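Reckoned from all heavy atoms, side chains included, excluding hydrogens, waters and symmetry mates. Along the sequence shown, the residues carry numbers beginning at 1. This is a predicted model, so every value here is computed, not measured.
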Amino acid sequence: GAGKLVFDNDGDACPYVDLPNGFFTNLYSVNGSFSIEWWANATREGGSWQRFFSFGESTTTGSPSANTPAPEPGEHGETCPRESGNGADYFDVIAKRGGASNFRLEVNDISGGVNFIGDYGFASNQEFHWVLTWDAACNRVTLYQDGVSVFTANDINSQTLSEINDVNNWIGRPAWNGNAFFDGDF
């Protein structure tokens, strides 16, 4: 629709974008600092834990392995990849957390160290311009909504980012079984 990616997780569909392996690592590895910018309207209809983005690794066995990404359509009889496995290591930007209308950012490394960064509430069914910056020199992450800083977190463990094996880099698809696909548009 009209130059937008439309994601409608109506139960039969499970639209998402699969970015190349190494996409997130390449963002981070240049100098450690990066920005991600997007425009999105999150309707948040459907289930919980809808992601804007999920960068990292997800397995179908629950045992992380650099060589075992989650199945894609056509693999193992998959027509719609509802079962993503379990998030092993990831950088998740979440549009709907649980039953709440909250933005959430989570980072998890392979050792199981969850680095929860923050929650921020925002309106559904409204397009926003988002920018997420990671300042490696200060170990700080900042989220901007329509040009205004809406939260900042300091003293983030940057080592966690370097341990992410980003073989599943998805827009709109969760890294966890039972989590909903994104509903809205980019």
Shared hydrophobic cluster for L5 and F52 (ILVMFWY, side-chain gaps under 4.5 Å): yes
Report yes or no: do I164 and I36 belong to one cluster of Ile/Leu/Val/Met/Phe/Trp/Tyr joined by side chain heavy-atom distances under 4.5 Å? yes
Verdict with supporting geometry, F186 and F7, ring pair (Phe, Tyr, Trp, His ring centres under 6.0 Å): CA-CA 8 Å; F186 284 84; F7 297 85; 5.4 Å; yes
State, yes or no, whether a side-chain contact exists between [X] and [Y] at a heavy-atom distance under 4.5 Å.
| X | Y | result |
| --- | --- | --- |
| F91 | L132 | yes |
| R51 | N179 | yes |
| V93 | F55 | no |

Scan the side chains in residues 19-27 for donor-acceptor partners under 3.5 Å anywhere in the protein, sequence neighbours excluded, and list what turns up.
residue: T25; atom: OG1; partner: D166; partner atom: OD1; Å: 2.4
residue: T25; atom: OG1; partner: D166; partner atom: OD2; Å: 3.3
residue: N26; atom: ND2; partner: G22; partner atom: O; Å: 3.2

What are the two closest heavy atoms between [X] and [Y], and how far apart are they?
| X | Y | value |
| --- | --- | --- |
| T43 | G184 | OG1-N, 3.8 Å |
| N41 | F182 | O-CZ, 3.8 Å |
| A42 | A95 | CB-CB, 4.3 Å |

Is there any salt bridge (charged side-chain N to carboxylate O under 4.0 Å, His left out) pair reaching into residues 124-133, and which pairs are they, with sequence neighbours excluded? K4-E127
Only counting residues at least two apart or in another chain, list the ones meeting side-chain contact (heavy atoms from CB on, under 4.5 Å) with S149. T142, Y144, T152
side-chain contact (heavy atoms from CB on, under 4.5 Å) with Q145: which residues, sequence neighbours excluded? Y120, F122, F128, W130, V150
When rounded to the nearest 0.5 angstrom, what is the spacing between CH2 in W38 and NE2 in H129? 9.0 Å
Measure the CD1-CG distance between I94 and L105 for me, rounded to the nearest 0.5 Å. 8.0 Å
Shared-cluster residues of W39, by chain and number - hydrophobic side chains joined below 4.5 Å: none
